[in-house]
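In what follows, a structure is listed as structure tokens, so that the remarks can point back to it.
The figures here come from the full heavy-atom set of this structure, side chains too, leaving out hydrogens, waters and symmetry mates.
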Amino acid sequence: MTPLDWNEIDVRAMLQRTFDKMSPRQRQAVAHGKANSTIGDIWMGFGKTLIGLTVGIIEKPDVWIILGSKSSMNVWKQEIRKWYPELAGEELYNIVRGQAAQRQNIWMKAKRKEGLFYATTFGSFIRDIDFILAQKISVQFISIDEPQKGGLRNRKTLGFKAVKAIQMATGCKIWMGSGSLTTKGVPQLWSYLHILNRKLFSSYWTWMQTFMLSVKGPFGVEYIRPKNNEQRARLMLPYIFKIGEKEAQAELPPLRRAPLYTELTPKLASVYNTMSQELFMEFDGIDGESKFLAVANPLAAYTKLRQLITCPAIIDPALGPGVAIEAVIDKMLELEGQPGWTHNIVFTPYVGAIPIFKQQLSEGLGLKPEKIITLQGGMEPEELQEAEVYFREDPNTLVLCSLSFAESFNLETGMNAYFPHFDWDQTKNEQAEARIRRRTSDRSRTIMSYYVNIIGSITTIMLDVLDGKVRNERLTYTDFVALRESLTKRIIGAD
């Protein structure tokens, strides 16, 4: 196999074709990434993969590593095929997977510069980093998809150490793309910035002492809140490009969140209240025999309570599928007759609920089981791609997806999102919503996101907390944007 020869490709024409279809903010993000290794903190659905892909092509690398989750491998391949078909040849895109010997054979192709893209998961990269360094493989560019998933926000993790090692060995340029990096706090930002510029962001403790207010606590120094915000923003400005929800929403379909109110059945309410107050539950099994389940502490009880309101059958089949999925089915039936009324995504925080929900959705909506696509961890990129194509092409399909898997795939034809239960971290719920709220979606319609609220349960408390988190993050984002715009004008003299 002959190496890719960039001189044989009209790169300027290829880039111009893409630039013509990009929004002004996307083009600005590309320019930012061209100038420096960059963290692209891009709102979900606004094309962070396209931006990172375009930045990399400008560099014309011989070896380009793509780091991310297994599901992201398919997204990058699709985006290359869509935006840069000249680079879409199967011989150019390599997924590094399999046993150690198989992965090493693929890395040797990189050493010989056969192909261009080498896509791999964080776990495989960590296992292979010693081999890559020993073979002195020359890497010019690395795209890191959702770097927090690889542990890069913690300087002590193997993921952080592996990426730092390859950057030190090769001097490669890096693009990190995510939708939630700068919402995680000042301490975590240092790890990303250190990888991008080790000289400027050399010391973690200097960073903490400069930008976090500290007090002396009973166990030593405690860092309690950020300080010197403008100085920090000035320092980070060349290395972070942020497009938040407010900026992105003009090019995304409108999104509206709404609760679906329901109540536990008397039987489930009794089990719920006993677990909540006494840390045990007692109920009749399928065989009619009494069953007893106790937990050791309130934290374990909290987990059981969440399972009980999401899908009680996870705990025991005798408890049934629960009222949350019934509320979801009732809402879909309320919309029956509208175009694509079943063409939705149902998200669940528990993988164990998927087969139970699938049966309920099939029976409750009158859908054949094969029309309900299940997405969860462990799927190969090819399986995910097949599922995406099937969903897009058939408006009578429905997707049932685990919440932890809801990233790095696009189902832009989906109508609405349903959450029988949800996550404490609002960015995870927003990641899930972003599977159908894409820049390529139909902007003439409003996407509804329905959250089941079981009256008298912890879901009411959780929704209040999430609402507060959203308002707080929007305030933080507004402050960041104001600082960025002010500093940009003063430092660069540009808008």
Side-chain angles (χ1 to χ4, degrees), residues 68-75 121-123 146 148-150 268 275 293 295 299-329 344-365 367 369-388 390-391 397-411 414 417-436 449-452 454 457-459 462:
S69 63
K70 188 182 288 187
S71 60
S72 70
M73 309 292 99
N74 178 54
V75 172
T121 63
F122 292 107
E146 302 292 349
Q148 71 276 16
K149 298 293 184 181
L268 288 176
M275 174 58 72
L293 174 64
V295 295
L299 183 60
Y302 161 75
T303 300
K304 291 300 179 186
L305 291 175
R306 288 191 69 193
Q307 292 175 340
L308 194 61
I309 59 179
T310 304
C311 180
I314 297 174
I315 300 172
D316 191 283
L319 294 171
V323 299
I325 193 63
E326 291 178 1
V328 168
I329 292 171
N344 305 303
I345 308 185
V346 178
F347 297 101
T348 170
Y350 296 107
V351 174
I354 288 179
I356 301 165
F357 283 177
K358 183 172 183 176
Q359 180 179 348
Q360 294 300 307
L361 289 164
S362 176
E363 294 174 356
L365 300 175
L367 283 177
E370 59 267 25
K371 295 291 185 179
I372 301 176
I373 305 164
T374 58
L375 303 180
Q376 62 189 83
M379 296 182 70
E380 293 298 326
E382 293 83 1
E383 293 177 289
L384 180 57
Q385 181 180 0
E386 183 179 336
E388 288 182 74
Y390 182 31
F391 183 77
T397 51
L398 179 149
V399 162
L400 183 54
C401 180
S402 69
L403 199 51
S404 60
F405 190 72
E407 62 179 31
S408 298
F409 61 86
N410 305 331
L411 298 173
Y418 290 84
F419 294 81
H421 198 48
F422 37 89
D423 199 276
W424 277 107
D425 185 347
Q426 179 58 13
T427 59
K428 293 183 180 179
N429 302 320
E430 289 171 338
Q431 278 277 15
E433 292 170 336
R435 298 316 96 210
I436 59 175
S449 189
Y450 295 104
Y451 288 73
V452 174
I454 299 178
S457 76
I458 56 174
T459 55
M462 288 180 70

Taking salt bridge (charged side-chain N to carboxylate O under 4.0 Å, His left out) as the criterion, tell me which of Lys149, Arg435, Lys428 meets it with Glu407.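 Going through Lys149, Arg435, Lys428 one by one, the salt bridge (charged side-chain N to carboxylate O under 4.0 Å, His left out) with Glu407 is satisfied by Lys149 alone.
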Among Gln359, Gln360, Lys358, whose side chain to side chain contact (heavy atoms under 4.5 Å, CB included) with Ile325 holds?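 Passing option: Gln360.
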Run through Ile354, Leu398, Val351 and flag the one making a side chain to side chain contact (heavy atoms under 4.5 Å, CB included) with Thr374.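 Of the listed residues Ile354, Leu398, Val351, the side chain to side chain contact (heavy atoms under 4.5 Å, CB included) partner of Thr374 is Ile354.
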Derivation and outcome, side chain to side chain contact (heavy atoms under 4.5 Å, CB included), residues Ile315 and Leu308: CA-CA 7 Å; Ile315 300 172; Leu308 194 61; 4.1 Å; yes
Mind listing the closest non-hydrogen atom pair of [X] and [Y] along with its distance?
{"X": "Ala387", "Y": "Ile373", "value": "CB-CG2, 3.7 Å"}
{"X": "Ser69", "Y": "Phe122", "value": "N-CE1, 4.3 Å"}
{"X": "Ala432", "Y": "Phe347", "value": "O-CZ, 3.2 Å"}
{"X": "Pro312", "Y": "Leu319", "value": "CB-CB, 3.4 Å"}
{"X": "Thr310", "Y": "Ala324", "value": "O-CB, 3.8 Å"}
{"X": "Ile345", "Y": "Cys401", "value": "CG2-CB, 4.3 Å"}

Would you please test Tyr451 and Asn429 for side chain to side chain contact (heavy atoms under 4.5 Å, CB included) and show each step? CA-CA 10 Å; Tyr451 288 73; Asn429 302 320; 3.5 Å; yes
Would you find more than 12 non-hydrogen atoms of other residues, nucleotides or ligands less than 6.0 Å from Glu363 atom CD?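 Yes - once you tally the heavy atoms of other residues, nucleotides and ligands closer than 6.0 Å, there are more than 12.
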Can you measure from [atom1] ([X]) to [atom2] ([Y]) and round to the nearest 0.5 angstrom?
{"X": "Thr397", "Y": "Leu411", "atom1": "OG1", "atom2": "CG", "value": "9.0 Å"}
{"X": "Tyr350", "Y": "His421", "atom1": "OH", "atom2": "NE2", "value": "6.0 Å"}
{"X": "Leu361", "Y": "Ile356", "atom1": "CG", "atom2": "CD1", "value": "12.0 Å"}
{"X": "Ile454", "Y": "Ile309", "atom1": "CD1", "atom2": "CD1", "value": "5.0 Å"}
{"X": "Ser449", "Y": "Tyr418", "atom1": "OG", "atom2": "OH", "value": "10.0 Å"}
{"X": "Lys70", "Y": "Ser408", "atom1": "NZ", "atom2": "OG", "value": "13.5 Å"}

[X] vs [Y] side-chain heavy atoms within contact, under 4.5 Å:
{"X": "Leu375", "Y": "Phe391", "value": "no"}
{"X": "Phe357", "Y": "Pro420", "value": "yes"}
{"X": "Arg306", "Y": "Phe422", "value": "no"}

List the steps, then state whether side chain to side chain contact (heavy atoms under 4.5 Å, CB included) holds for Lys304 with Leu293. CA-CA 10 Å; Lys304 291 300 179 186; Leu293 174 64; 4.1 Å; yes
Flag, side chain of Glu388 to backbone of Asn410, donor-acceptor distance under 3.5 Å: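 Pair found, side chain donor or acceptor close to backbone of Asn410.
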Begin from the C-alpha positions of Ser362 and Ile372 and carry the test side chain to side chain contact (heavy atoms under 4.5 Å, CB included) through to its verdict. CA-CA 7 Å; Ser362 176; Ile372 301 176; 3.9 Å; yes
With under 30° as parallel and over 60° as perpendicular, where do the rings of Tyr302 and Trp424 fit, or are they tilted in between?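 Rings of Tyr302 and Trp424: tilted, as their planes differ by 30° to 60°.
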